[in-house]
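Below is one structure; the comments refer to it alone.
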Amino acid sequence: MNVCKDFLVIGSGVAGLTFALKVSEFGSVGILTKDVLEESATKYAQGGIASVMADDDSCDLHARDTMEAGRGLCREEVVRIICKEGPARVRELIGLGAKFDRVHGKDYHLSREGGHSKSRILHATDLTGWEIERTLIDAVREKPNIEIFPHHMVIDLITRAKVDPSVTPGSGEDESLGLYALDTKTKKVKTFLSKVTFLASGGAGKVYLYTSNPDTATGDGVAIAYRAGVKIANMEFFQFHPTCLFHPQAKSFLISETVRGEGGLLRRKNGQTFMEKYHPLGCLAPRDIVARAIDFEMKQSGEECVYLDMTHIEGYRSRERFPNIYKTCLRFGFDMSKEPIPVVPAAHYMCGGVVVDINGQTNIRGLLASGEVCCSGLHGANRLASNSLLEGLSLSHRGVAKAASLLGRSGSLENFKNKIPKWDSGNAVDSDESVVVSHNWDEIRRLMWNYVGVVRSDKRLQRAERRIKLLLDEIQEYYWNFKITKDTLELRNIAITAQLIIQGARLRKESRGLHFNLDHPEKDDVNWKRDTELQDTTARLITMNMKKTPSQ
Ligand code: SIN
């Protein structure tokens with residue numbers, strides 16, 4: 001079955017929905033999401049959205065803080081544009097009905113987070129992401145020319161290089177023609193054709209054993225883009241959030257940085273504070289520094305966690321300012337207004353990804369990207385807290401003009417659409433060994449946590465490289481022989497994403513921002529003040545007809 005749209009959007013978080021909503025003025029839109037529309041990392045964002053709203057703040061200061069956190073790898077033009085256009089994007093959201101907290105019903109209440117020199121985080125108590133997601137979903141549902149495809153998992157992109165042998169994957173002539181997706185309810189593969197494809201599929205926290213991310217964050221966007229020959233950069237910069245609840249059943253529940261912004265203090269088990277040893281901003285130092293400090297303290301003391309203490313702050317402030325965090329902690333037996341809560345770092349945000357320009361354009365014409373999946377140059381080597389929702393809003397807004405301009409491009413899709421074959425499962429059979437999938441999945445997440453975590457070394461990275469190669473071979477074999485399922489697709493994506501993180505980390509022989517290597521502990525501006533770019537130039541996994549021609 002073929003579905004034809006002007007614009008296809010992969011993902012339903014802030015980036016995908018913003019783009020879909022705005023671009024629907026120019027043509028028909030299909031949103032593909034592998035779960036239900038509401039399920040995305042955006043929904044779980046607690047802290048808020050960074051934007052200059054106060055008189056004592058300025059876009060220059062926001063840009064300066066962003067670049068300071070990014071440790072020399074931010075693209076200044078991108079940072080300045082996003083910080084400058086941020087307040088207008090936030091006002092649009094408010095115009096659509098998003099309600100952010102105000103002080104006595106007047107000015108917006110602005111929180112502070114690590115690395116910000118001013119209070120500039122708009123929030124809706126501690127459920128900001130859900131407020132944004134809800135607002136955008138309401139607006140999207142009102143647009144008659146947006147069709148939603150829930151439970152549709154993208155398998156691979158269809159690019160011109162796949163149907164036109166004269167075009168090299170990822171080259172200047174390559175362009176996006178659509179994608180194959182698995183309807184995970186009917187288990188049928190469908191072909192989707194489009195003039196523009198917009199990748200907004202989020203991050204990859206599930207590549208690590210402990211993560212604040214939802215189960216959907218399996219690196220799908222980066223992996224499918226890489227297989228199509230798209231440039232990927234800076235994958236070694238994976239952000240670990242310093243404070244996730246330490247409890248076996250809590251699935252690394254996030255304790256927002258705004259808790260520290262309200263005065264929360266990090267302590268050892270014996271009650272001593274420690275952040276003052278590591279940075280003049282103490283508990284509000286940038287995230288890389290706080291996460292590493294906690295890792296160091298835990299290793300030194302042999303304790304399993306550190307503690308976040310709010311008890312010196314009036315009880316109502318934790319209950320009313322953080323109702324979701326308060327209730328969740330209580331459910332696990334901790335009353336944060338009365339006792340310090342146990343916390344540990346966990347994988348939180350992928351700062352690298354699909355390389356895009358300031359309009360979201362990748363190196364493949366007609367393929368755009370925004371949000372966590374992309375590497376726009378806003379975050380550099382470390383993302384400033386609460387800049388991600390802002391990036392999703394801004395870049396997706398800018399992508400609309402670019403996408404609309406591509407609608408009129410002279411017709412590759414028309415010329416090639418009859419050459420695009422239907423998905424063919426070849427001789428694949430149903431798997432009778434799904435334990436292989438769960439086993440490999442578990443192994444990848446453990447090896448990433450143990451060897452490619454907060455602190456790395458050459459030896460650990462080498463080990464990780466050897467193991468991921470073996471696992472990838474096994475996964476590929478499994479992929480060819482058995483009928484695809486959501487689990488096998490996610491496994492393949494997570495393995496490729498892990499490999500890209502390891503490759504980036506192996507290449508970068510220095511320590512900068514989120515990448516810390518014990519064997520190269522210093523920043524090396526002479527050799528490494530640059531991005532680590534990765535591209536599958538052989539495009540060995542790009543096969544038009546994946547099952548029949550595995551050797552291509
Ligand atoms: C948090 O609330 O601490 C998370 C915000 C973010 O990651 O930007």
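In listed order, ligands and their atoms are each counted from 1. Small disclaimer: the values here were computed from a predicted structure and weren't measured.
Remark: Asp60 does not engage Arg64 in a salt bridge, criterion side-chain N to carboxylate O under 4.0 Å. Classification of Glu510 and Arg508 as a salt-bridged pair holds, one side-chain N sitting under 4.0 Å from a carboxylate O.
Between the side chains of Asp288 and Gln239, not a single donor N or O lies within less than 3.5 Å of an accepting N or O. Under the 3.5 Å distance criterion, with hydrogens and angles disregarded, no donor-acceptor pair is assigned to the side chains of Thr128 and His123. With hydrogens and angles left out, the side-chain atoms of Asp309 and Thr311 include a donor and acceptor closer than 3.5 Å.
Set against the non-hydrogen atoms of His348, the atoms of ligand 1 under 4.0 Å away are 4 (C), 6 (C), 7 (O). Atoms of ligand 1 lying under 4.0 Å from any heavy atom of Glu113, numbered from 1 in the order shown and given with element: 1 (C), 2 (O), 3 (O), 5 (C). Near Ala385, meaning under 4.0 Å from any of its heavy atoms, are these atoms of ligand 1: 8 (O).
For ligand 1, one of its N or O atoms has an N or O atom of Ser256 under 3.5 Å away. Residue contacts with ligand 1: Gly48 is placed with no nitrogen or oxygen under 3.5 Å of a nitrogen or oxygen of the ligand (distance criterion only).
The protein heavy-atom contact nearest to atom 8 (O) of ligand 1 is Ser386 N, 2.6 Å.
Considering only non-hydrogen atoms, atom 5 (C) of ligand 1 lies nearest to Arg287 out of His241, Arg383, Glu257, Arg287.
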Show the atom names and distances, to 0.1 Å, of all donor-acceptor pairs under 3.5 Å that link a side chain in residues 277-284 to residues at least two apart or in another chain.
residue: Lys277; atom: NZ; partner: Glu297; partner atom: OE2; Å: 2.9
residue: Tyr278; atom: OH; partner: Glu297; partner atom: OE2; Å: 2.6
residue: His279; atom: ND1; partner: Leu281; partner atom: N; Å: 3.0

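Gln239 does not count as a contact of ligand 1, since none of its heavy atoms falls under 4.0 Å from the ligand. Using 4.0 Å as the threshold, Ala45 has no heavy atom nearer than that to any atom of ligand 1.
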Audit row: Lys22, His397, side chain to side chain contact (heavy atoms under 4.5 Å, CB included) steps and yes/no: CA-CA 7 Å; Lys22 294 188 171 194; His397 168 85; 2.6 Å; yes

